[in-house]
Amino acid sequence: MELPDLQFWNCMDYGVTCIQKQFIGSMDYEIYTKSHGRVKGTYIATLDNYHIHCDEVDYSTAEQPEEHKSFNLLELENGQYCLYPNNRMRVYDNSLTPKEPKQPDFRVSTVVYQVENGYEYRLGDTEEYYYDVPSSAVLSQGS
């Protein structure tokens with residue numbers, strides 16, 4: 001296969017880390033290529049991008065939730081290696097996956113989670129040592 005069938009995306013940043021997901025490592029994998037249909041493979045590891053320089057502005061897409069991609073490294077049945085994002089592959093667990101799996105409905109995450117900003121209460125408005133927060137402010141958080 002040509003490179004565009006073996007990898008969908010270029011590297012998203014200069015910081016790259018390798019993660020080995022042992023729980024899913026022994027499961028069956030299938031990728032959906034651009035021009036060769038479905039191809040089976042064996043999981044090796046996952047490569048993930050991150051912005052390595054915390055003192056510089058991140059101009060890449062590694063920190064943007066809707067753009068972030070992990071690269072799953074698989075050895076394909078034809079002997080080639082591929083780097084595929086989660087939404088272009090299936091993982092089959094014999095104890096959980098039915099014989100005829102349904103097409104998954106992937107949705108892109110566009111949420112940037114934030115715990116310190118954007119809420120109605122401000123912890124700097126209290127002189128209490130343990131930052132007592134009015135229960136009404138906490139309740140409005142969950143809605």
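Keep in mind that what you see is a predicted model, and the values were worked out from it rather than measured.
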Would you kindly confirm whether [X] and [Y] end up in one hydrophobic cluster when ILVMFWY residues are joined by side chain heavy atoms under 4.5 Å apart?
{"X": "V16", "Y": "L74", "answer": "yes"}
{"X": "I31", "Y": "I44", "answer": "yes"}
{"X": "I24", "Y": "Y84", "answer": "yes"}

Which heavy atom of [X] sits nearest a heavy atom of [Y], and at what distance?
{"X": "N72", "Y": "P85", "value": "ND2-C, 4.0 Å"}
{"X": "Y92", "Y": "M27", "value": "O-CB, 3.3 Å"}
{"X": "V91", "Y": "T97", "value": "O-OG1, 4.0 Å"}
{"X": "R88", "Y": "F8", "value": "NE-CZ, 3.2 Å"}
{"X": "Y81", "Y": "L73", "value": "CB-CD1, 4.2 Å"}
{"X": "N49", "Y": "F71", "value": "ND2-CE1, 2.9 Å"}

Looking at [Y], is its backbone amide N or carbonyl O close enough to the side chain of [X] to form a donor-acceptor pair, meaning the two atoms are under 3.5 Å apart?
{"X": "D5", "Y": "S35", "result": "yes"}
{"X": "Q7", "Y": "C82", "result": "no"}
{"X": "Y43", "Y": "T46", "result": "yes"}

Heavy atoms, side chains only, cut-off 4.5 Å: are [X] and [Y] in contact?
{"X": "E77", "Y": "T42", "answer": "no"}
{"X": "L76", "Y": "K40", "answer": "no"}
{"X": "L47", "Y": "L83", "answer": "yes"}

Open item on the list: Looking at K21, I want to see if its NZ is surrounded by more than 12 non-hydrogen atoms of other residues, nucleotides or ligands under 6.0 Å.
Closed with: yes

Open item on the list: Within this structure, what is the CE-OG1 distance for the pair M89 and T33, rounded to the nearest 0.5 Å?
Closed with: 13.5 Å

TODO: Might you work through the side-chain contact (heavy atoms from CB on, under 4.5 Å) test for M1 and V39, ending with a clear yes or no?
DONE: CA-CA 11 Å; M1 285 190 248; V39 179; 4.0 Å; yes

Task: Note: E30-R38 ion pair, threshold 4.0 Å (strictly below) - done: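 Yes, this pair counts.
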
